[in-house]
Amino acid sequence: MEMGFDIQVERDLALLMRGTEEIIDLVDLRKKLLRFYATGQALIVKEGFDPSAPDIHLGHTVTLRKLRQFQDLGHEVVFLIGDFTGRIGDPTGKKETRKQLTEEEVRANAATYAEQVFKILRPERTRVAFNSTWLSRLTLEEIVTIAAKFTVARMLEREDFAKRLREGKPIGLHEFLYPLLQGYDSVALKADVELGGTDQRFNLLVGRDLQREFGQEPQVIITMPLLEGTDGVEKMSKSLGNYIGINEPPFSMFGKVMSIPDTLIEKYFVLLTDVPLEEIQEKKRAYEQGELHPKLWKEELAFEIVRMYHGKEAAEKALGDFERAFSQGLCPESAQELCIARQELSEGKLWIMKLLERTGVFQSKSEARRCLEQGGVYLNGERVSANEDVVLQDGDVLKVGKKFFFRIKLV
RNA sequence: GGGGAGGUGCCUGAGUGGCCAAAAGGAGCGGACUGUAGAUCCGUCGGCUGAAUAGCCUACGUAGGUUCGAAUCCUACCCUCCCCA
């Protein structure tokens, strides 16, 4: 009987190990999975989310998709919104102390956050929790007790703390509390597994230690590689502007995927799609030997990602639009409409600056003017370089910079 | 509690009375090239003014002051780092 479970467990592990950076400890995980099959007791798989960034992008989906795999195998996910810790501000990856969010901000963010994750997670096997539920009830005495289980030296093992200390950057005393509280979340939830990016390694390990201190079986931690953003260098994040949001329209999603460096194609496939690993390896081999043009491979990637979030039809359209827009320099079919009232025209003309302002792509008029002066504005394929009035007709195509297309609609 | 160093634009960082909207690099943006990108090269890079070799506004931690004139000098305050206790 145990034998049958063994085979199943090994199969599960093969799936769960895809793309992971590190699993601590694999033996523990095997044991927990085995117990699941023996007792039917689902594992509690936890990941904490910072409520300060409520827009989900592909970077978040790396771990979310892993959570989904656990769900598909029958386990329960706790989508933990760090509403309490969010107010402290996780120092991880931040060069400096972050400002604290108000309670209202946190709550509003958390709501929009939770809404989006069900594009990936299965609602019936997801429990949304807020860590303020237990953390705000801790007494000072309890907090001191928890804090006493760690030492300053231990905390300074954490790379970003050590780095800031080395560089003479401030470290708030409260920041030491963050890993402890996150670890305590695992205790409160009796988590079996916790997921996070590699930058979360330290925090996740604290959870493991703390659970042991509280007499619980320590959680298995699984870290996933950090996903580089469209710049190919920095971790994907909203604040760096190198992210691809899962709610983005197909065309821009497609275009952004196409803009990643070729060297990231494989990683994106592994972490963001369900394309079988063997197939990815085969394509990689073909690419390295010059049999597969990276552009084509990348288009497959972009297609697949758009398909996952918008469906096949949208993906096909995005591919076609992309080819039109960039390979042929034509306006994509799905270009955004730009409505202009006829009353705004004088003798059929509109000042180009007014038109640019309407597109909303510029932060300021100076920026728009610069783009115009530098030759980044095209109307119906012809460059508009002078600061002049232009004749507008229904259906005209305005191209602004490299990637913004608008179809003029006169109303 | 004592002593020292420092807070400059999105970031790093130079600037110590006018030539400073502030060097240099990075990021961003535009152009060329390309496969869409990357690399490379060129340009741009606070804002406003119907278009300017122009003017105005805001900006060098905060608030005042000195001066014809301050990121630069003075005073107070806030914040950070280092050393000693």
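Atom set for the values below is all heavy atoms of this structure, side chains included, hydrogens, waters and symmetry mates excluded. Residue numbering restarts at 1 for every chain, and letters A, B, ... go by the order of the sequence lines. Worth saying up front: this structure is predicted, and the values here are computed from it rather than measured.
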May I ask which nucleotide in the shown strands pairs with B/G1, Watson-Crick or G-U wobble, both distances under 3.5 Å?
B/C84
How would you list, by chain and number, every residue that makes a ring pair (Phe, Tyr, Trp, His ring centres under 6.0 Å) with A/Phe49, sequence neighbours excluded?
A/Phe79, A/Tyr113
Please name the nucleotide paired to B/G9 by Watson-Crick or G-U wobble geometry with both distances under 3.5 Å, or report none.
none
Could you measure between the two P atoms, the one in B/A27 and the one in B/C83, and give it in whole Å?
34 Å
A/Lys365 vs B/U49: side-chain N/O to OP1/OP2 distance below 4.0 Å:
yes
With a 3.5 Å limit on both atom pairs, tell me what B/U40 is paired to, counting Watson-Crick and G-U wobble, or say none.
B/A32
Determine the Euclidean distance between corresponding P atoms of B/G55 and B/C20; express it in Å to zero decimal places.
15 Å
Which one is paired to B/C45, where only Watson-Crick or G-U wobble pairs with both distances under 3.5 angstrom count?
none
Look at the side chain of A/Gln374 against the base of B/G43 and say whether a donor-acceptor pair falls under 3.5 Å; ignore hydrogens and angles.
yes
Between B/A5 and B/C11, how far is it from one P atom to the other, in whole Å?
26 Å
Basic-acidic side-chain contact under 4.0 Å: A/Lys317, A/Asp321
no
Paired with B/G64: which nucleotide, if any, by Watson-Crick or G-U wobble criteria at under 3.5 Å for both distances?
B/C74
Return the nearest nucleotide to the side chain of A/Cys371; candidates are B/A32, B/G35, B/G30.
B/G30
Whole-Å distance separating the CZ atom of A/Phe362 from the P atom of B/U44
17 Å
Between B/C33 and B/A54 - C1' atom distance, rounded Å:
37 Å
What nucleic acid atoms does A/Lys402 come within less than 4.0 Å of, heavy atoms only: base, sugar-phosphate, or nothing?
sugar-phosphate
A/Lys295 NZ to B/G38 P, in whole Å, measures 15 Å
Does A/Ser366 have a side-chain nitrogen or oxygen under 4.0 Å from the phosphate oxygens OP1 or OP2 of B/C48?
yes
Does the structure show a Watson-Crick or G-U wobble partner for B/A14, both distances under 3.5 Å? Name it, or say none.
none
side-chain hydrogen bond (donor to acceptor under 3.5 Å, both in side chains) test vs A/Arg285 passes for just one of A/Glu288, A/Gln289, A/Gln281, namely A/Gln289
d(CD, A/Glu367; C1', B/A27) in whole Å:
14 Å
Looking at A/Asp72 and A/Arg125, is any side-chain nitrogen of the basic one under 4.0 Å from a carboxylate oxygen of the acidic one?
no
For the P atoms, the ones on B/G69 and on B/G18, what distance do you get once it is rounded to whole angstrom?
15 Å
In whole Å, I'd like the distance from the CZ atom of A/Arg369 to the C1' atom of B/C45.
15 Å
Identify each donor-acceptor pair in which a side-chain atom of residues 392-411 of chain A lies under 3.5 Å from a protein atom, sequence neighbours left out, and give them as a table.
residue: A/Asp394; atom: OD1; partner: A/Leu410; partner atom: N; Å: 2.6
residue: A/Asp396; atom: OD1; partner: A/Asn380; partner atom: ND2; Å: 3.1
residue: A/Asp396; atom: OD2; partner: A/Gln393; partner atom: N; Å: 2.7

Please measure how far the P atom in B/A71 lies from the corresponding atom in B/U66, and state the result in whole Å.
16 Å
Please report the distance separating the P of B/A24 from the corresponding atom of B/C78, rounded so that it comes out in whole Å.
37 Å
Determine, using ring centers only, whether A/Phe150 and A/Phe176 are less than 6.0 Å apart.
no
Whole angstroms only, please: what is the CD-P distance between A/Glu234 and B/U12?
14 Å
Give A/Glu388 one of three labels, base, sugar-phosphate or nothing, depending on what nucleic acid heavy atoms sit under 4.0 Å from its own.
base
CZ of A/Phe254 versus C1' of B/U36: gap in Å, rounded?
10 Å
CD of A/Glu299 versus P of B/U36: gap in Å, rounded?
9 Å
Donor-acceptor pair, A/Glu142 side chain versus A/Thr139 backbone, under 3.5 Å?
yes
Earlier contact from the 5' end, RNA chain B, for A/Asp231 and A/Leu296
A/Asp231
Quantified in whole Å, what is the P atom distance between nucleotide B/C10 and nucleotide B/C60?
11 Å
What is the nucleic acid contact for A/Arg383, judged by heavy atoms within less than 4.0 Å: base, sugar-phosphate only, or nothing?
sugar-phosphate
Taking the six-membered ring of A/Tyr243 (Phe, Tyr or Trp), confirm whether the NZ or CZ of A/Lys256 is under 6.0 Å from its centre and within 45° of its axis.
yes
Which nucleotide in the list B/G50, B/U36, B/G47 gets nearest to the side chain of A/Phe322?
B/U36
Starting from the 5' end of RNA chain B, give me the residue, A/Pro261 or A/Ile352, whose nearest nucleotide shows up first.
A/Pro261
Establish, with yes or no, whether the OP1 or OP2 oxygen of B/G28 is under 4.0 angstrom from a side-chain nitrogen or oxygen of A/Arg370.
no
With sugar-phosphate meaning primed atoms plus P, OP1 and OP2, does A/Ser259 contact a base, only sugar-phosphate, or nothing at under 4.0 Å between heavy atoms?
base
Nearest-Å distance, CG (A/Leu372) to C1' (B/G43)?
15 Å
